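Beneath this line is the structure, given in structure tokens, with notes to follow.
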Amino acid sequence: MTTPTSVLRAPWQELTRQREGATFGIWVFLASELLFFGSMLLLYTAYRVANPDVFTIAGRETDLWYGTVNTAVLMTSSLTMAVAAQAAEADMRRLAIWSLGATVVLGLMSLVFKGFEYAEDIGKHLVPGVNFAMKEPAAQLFFALYWIMTAVHAVHLSIGLGLVGRLAIFGALRRVELRENPQVEVTALYWHLVDVIWIILYPLIYLMGRS
Amino acid sequence: MTDVAISGELPLPREPSYLAAGHTVASWLATTDHKRIAILYAATITFFFFLGGIAISLVRLDLFTPAGDLLSDDTYNKLFTFHGVIMVWFFMVPSIPGTFGNFLLPLMIGARDVAFPRLNLFSWYLIVTGGACTLYALIAGGVDTGWTFYTPFSTMFSNTHVIAAALGVFIAGFSSIATGVNFIATTHMLRAPGMTWFRLPLFVWAIYATSLVMVLATPVLAVTLLLVIAERWLHLPIFNPDFGGDPLLFQHLFWFYSHPAVYIMVLPAMGVISEVITCFARRRVFGYDFMVYAMVGIAVIGFFVWGHHMFVSGQSPYASLVFSFLSFIVAVPSAIKVFNWTATLYRGQISFDAPMLYALGFLGLFTIGGLTGLFLASIPVDVHVTDTTFVVAHFHYIMVGGTVSAFFAGLHYWWPKITGRLYPDVWARFAAILMFFGFNFTFFPQFIVGYLGMPRRYHVYPPEFQLYNVLSSAGAFVLAAAYLLPPLYLTWSLIWGARAGRNPWNATGLEWKTSSPPSRENFAATPHVEEGPYRYHPEGFAPEHGEDNYRTEGDRA
Ligand code: HEM
Ligand SMILES: [Cu+2]
């Protein structure tokens with residue numbers, strides 16, 4: 001048996017075409033996601049241009065350490081995800097499953113760090129509202145966008161965790177064929193997008209105020 | 001593009017039709033058949049159309065008198081919001097793509113289904129979930145922001161159920177994105193052998209262009225609504241001027257989606273009209289290539305004109321100038337299409353069947369809507385008529401006169417294919433004419449009274465405007481009657497209608513080459529396409545009457 005027929009689905013007649021289709025589809029979806037985050041970045045840019053000084057001061061209140069560690073963790077997860085995709089392609093099942101597992105662990109770590117960071121932010125009264133720590137009104141704008149953008153990113157990360165975790169578990173139980181399965185490639189591309197977005201958020205949130 | 005249509009006959013499938021392939025509720029609610037999903041969409045949007053219609057009937061009833069004595073101010077606001085929210089997001093946006101797009105796209109390109117059938121079903125569940133959420137908001141106490149959810153009213157002042165309503169629209173947005181992704185992938189990856197890009201029927205091009213807009217514009221709306229929800233629910237300052245926020249940014253983001261969204265509503269309609277006009281004029285579409293470029297052009301330029309909704313908002317006058325200019329430009333491809341349809345009709349052998357009557361209605365109403373759009377694109381006129389019923393009349397000419405007419409044209413054109421039955425022609429023609437008449441009766445007076453200064457969304461007005469409002473309200477009830485007819489005679493046809501045969505109009509196009517209704521698999525064998533679409537008569541030639549009449553010739557198997 002050279003092609004696992006279990007992954008071939010209607011309306012596709014052959015597996016290679018199905019994989020091309022899935023990859024194409026996810027790229028179209030990622031284009032859509034770019035506009036999703038793009039509109040938040042646009043808002044951020046507009047407000048930053050209007051309040052350059054306040055945004056700089058506000059940016060310094062974020063926790064550089066958490067931001068940087070998170071960046072490192074997510075970049076590593078991108079690596080493990082890429083390994084998983086290549087291993088699945090090359091029919092190295094054990095490596096694929098271990099790499100998927102590693103991706104899940106790294107993703108979870110990132111979420112946990114984010115949780116600690118949020119707790120610290122709340123302690124420092126960086127939630128916009130009556131008890132907000134800073135006196136400049138526009139600092140609240142910065143933090144409103146900080147919370148929304150990172151939270152939306154975390155939601156995307158969680159969805160990715162579900163997808164990767166499913167592949168890891170079902171792959172290990174042999175309920176899902178990993179080799180040549182378009183789902184692996186699609187999940188990997190989605191995961192990379194989530195990482196790429198973090199790469200954009202990191203300098204905007206953590207670094208710009210500190211240059 | 002000299003040669004046309006698909007040569008050779010295809011064998012008919014032997015399996016049961018998609019309608020007969022299972023009768024349980026689960027066989028419908030868990031289906032991945034694009035044709036059944038199309039039917040699910042049809043039921044959903046019909047439901048919403050009539051709900052939205054009931055809401056606005058009460059509004060029009062109230063407007064019979066200048067005093068606003070039927071409804072309280074609050075109820076009035078909630079009713080027109082109900083109408084707008086339902087009509088735009090749960091009727092217009094999913095209407096033609098969800099029904100005809102789903103049903104026909106795979107058939108027209110010779111595929112067995114869309115690229116991702118389960119995603120397709122999922123997107124129907126999304127629109128239903130979103131609809132339920134919004135409906136809950138609208139019923140549990142209503143929303144009074146209008147369908148645009150403008151800040152800061154929606155975020156800071158309104159005390160109605162904005163969050164649930166916006167959440168519902170947010171969810172519906174993802175349905176739209178999923179559908180768009182699916183259709184784009186289908187068009188790219190699943191065309192039958194020989195079905196090149198420039199052999200695609202114009203309806204497929206229309207759905208493709210629409211899908212591009214859905215995928216690229218809808219996420220911006222999603223974010224915008226998310227921000228409204230966050231601001232209202234968590235009190236994060238986003239558009240709040242007290243903290244340096246800018247309500248204008250809301251409008252920019254909102255219209256960055258919502259102007260392209262009018263093309264989500266009207267491009268599919270243009271696709272339907274192209275198919276119907278060429279078939280019933282028995283002539284190949286005039287200037288096929290230009291029709292394609294015009295649609296893609298509309299989809300692209302449509303992204304750059306949103307600022308014409310903000311001429312009076314206080315945006316910079318330079319921005320207004322640019323947006324005004326671009327809005328005139330985007331009218332050009334629409335005009336090209338109108339001219340090409342007219343040129344297709346010219347010297348055509350026209351038969352006035354019901355689909356054609358609806359399509360001709362579209363041509364007239366869409367043209368009026370488009371021309372008044374030019375009024376609104378010129379800043380001085382817009383400043384005069386902003387937020388008057390002139391604007392209401394304009395967008396109803398485009399959306400209702402245009403898109404809803406096209407929806408009915410398509411419904412009557414493809415009904416025999418979808419159901420396998422013919423409907424009573426006389427009733428259908430009568431409904432088409434009544435609809436055209438009722439429509440003009442309803443909305444034309446609104447141009448005049450709007451120009452004279454009657455603001456929209458007011459229900460107490462100076463008595464001198466009463467005549468126009470009485471006309472408009474009376475027209476609305478004629479129109480409502482016209483909308484009630486098709487459900488009646490079409491249901492009748494399901495039970496008593498004659499069998500349709502595979503190609504009752506003797507039309508070209510792959511969808512007519514298979515049985516009516518098609519089987520689950522669509523085609524018995526994968527079709528091979530050797531020519532472009534519309535093998536009717538060549539552009540410069542039309543036969544004498546009687547020759548090649550589809551009523552006497554053609555495949556009625
Ligand atoms: C069928 C007959 C219809 C009638 C008689 C009708 C009538 C009206 C009227 C009188 C208004 C103005 C409410 C006001 O601003 O005071 C209105 C608003 C509106 N209508 Fe319709 N309409 C009809 C169908 C539709 C359809 C099919 C759509 C689908 C797109 C639609 C979309 C809208 C929208 C978006 C608004 C703006 C709502 C708002 O201001 O928030 N209408 N309609
Ligand atoms: Cu517009």
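What you see is a predicted model; the values in this text were computed from it and never measured.
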I'd like to know which of A115(B), G244(B), A217(B) tops the heavy-atom pair count under 4.5 Å against chain A. A115(B)
Identify which part of L226(B) has an atom lying under 4.5 Å from any heavy atom of chain A, answering side chain, backbone, both or neither. side chain
Below 3.5 Å only, please: all the donor-acceptor pairs between chain B and chain A, one per line.
{"from": "A115(B)", "atom 1": "O", "to": "W12(A)", "atom 2": "NE1", "distance (Å)": "3.2"}
{"from": "M189(B)", "atom 1": "O", "to": "R17(A)", "atom 2": "NE", "distance (Å)": "3.3"}
{"from": "M189(B)", "atom 1": "O", "to": "R17(A)", "atom 2": "NH2", "distance (Å)": "3.0"}
{"from": "V215(B)", "atom 1": "O", "to": "S32(A)", "atom 2": "OG", "distance (Å)": "3.0"}
{"from": "I238(B)", "atom 1": "O", "to": "Y47(A)", "atom 2": "OH", "distance (Å)": "2.5"}
{"from": "D246(B)", "atom 1": "N", "to": "Y47(A)", "atom 2": "OH", "distance (Å)": "2.9"}

Can you tell me if CZ on F116(A) sees more than 12 non-hydrogen neighbours from other groups inside 6.0 Å? no
CG of L236(B) to CZ of F143(A), rounded to nearest 0.5 Å, is 12.0 Å
Side chain proximity check, L227(B) to L43(A), heavy atoms < 4.5 angstrom: yes
Which answer fits A46(A), side chain, backbone, both or neither, if we ask what part of it has an atom under 4.5 Å from a heavy atom of chain B? side chain
Does any backbone or side-chain atom of L141(A) lie under 4.5 Å from a heavy atom of chain B? Answer side chain, backbone, both or neither. both
What part of L253(B) gets closer than 4.5 Å to chain A, counting heavy atoms only: side chain, backbone, both or neither? side chain
Of all heavy-atom pairs linking G25(A) and V181(B), the shortest is O-CG1, 3.6 Å
Cut-off 4.5 Å, heavy atoms of chain B, and the answer for V152(A) is side chain
Heavy-atom cut-off 4.5 Å, strictly under: side chain, backbone, both or neither for P237(B) against chain A? both
Given heavy-atom pairs under 4.5 angstrom as the criterion, report whether the side chain, backbone, both or neither of F29(A) touches chain B. both
Checking F250(B) against chain A: side chain, backbone, both or neither under 4.5 Å from a heavy atom? neither
Contact part of A230(B) toward chain A, heavy-atom cut-off under 4.5 Å: side chain, backbone, both or neither? side chain
Distance col, row F256(B):CZ vs L35(A):CG, nearest 0.5 angstrom, shows 6.0 Å
Could you check which of V54(A), I148(A), I26(A) has the highest count of heavy-atom pairs closer than 4.5 Å to chain B? I148(A)
Which region of L42(A), side chain (C-beta onward) or backbone (N, CA, C, O), has a non-hydrogen atom less than 4.5 Å from a non-hydrogen atom of chain B, or is it both or neither? side chain
Going by heavy atoms in the side chains, are L234(B) and V127(A) under 4.5 Å from each other? no
Exceeds 12 heavy-atom contacts within 6.0 angstrom, atom CZ of F122(B): no
Chain A contact via I177(B) - which portion, at a heavy-atom distance below 4.5 Å: side chain
Which distance, rounded to the nearest 0.5 Å, do you find between the CG of L216(B) and the CZ of F36(A)? 14.5 Å
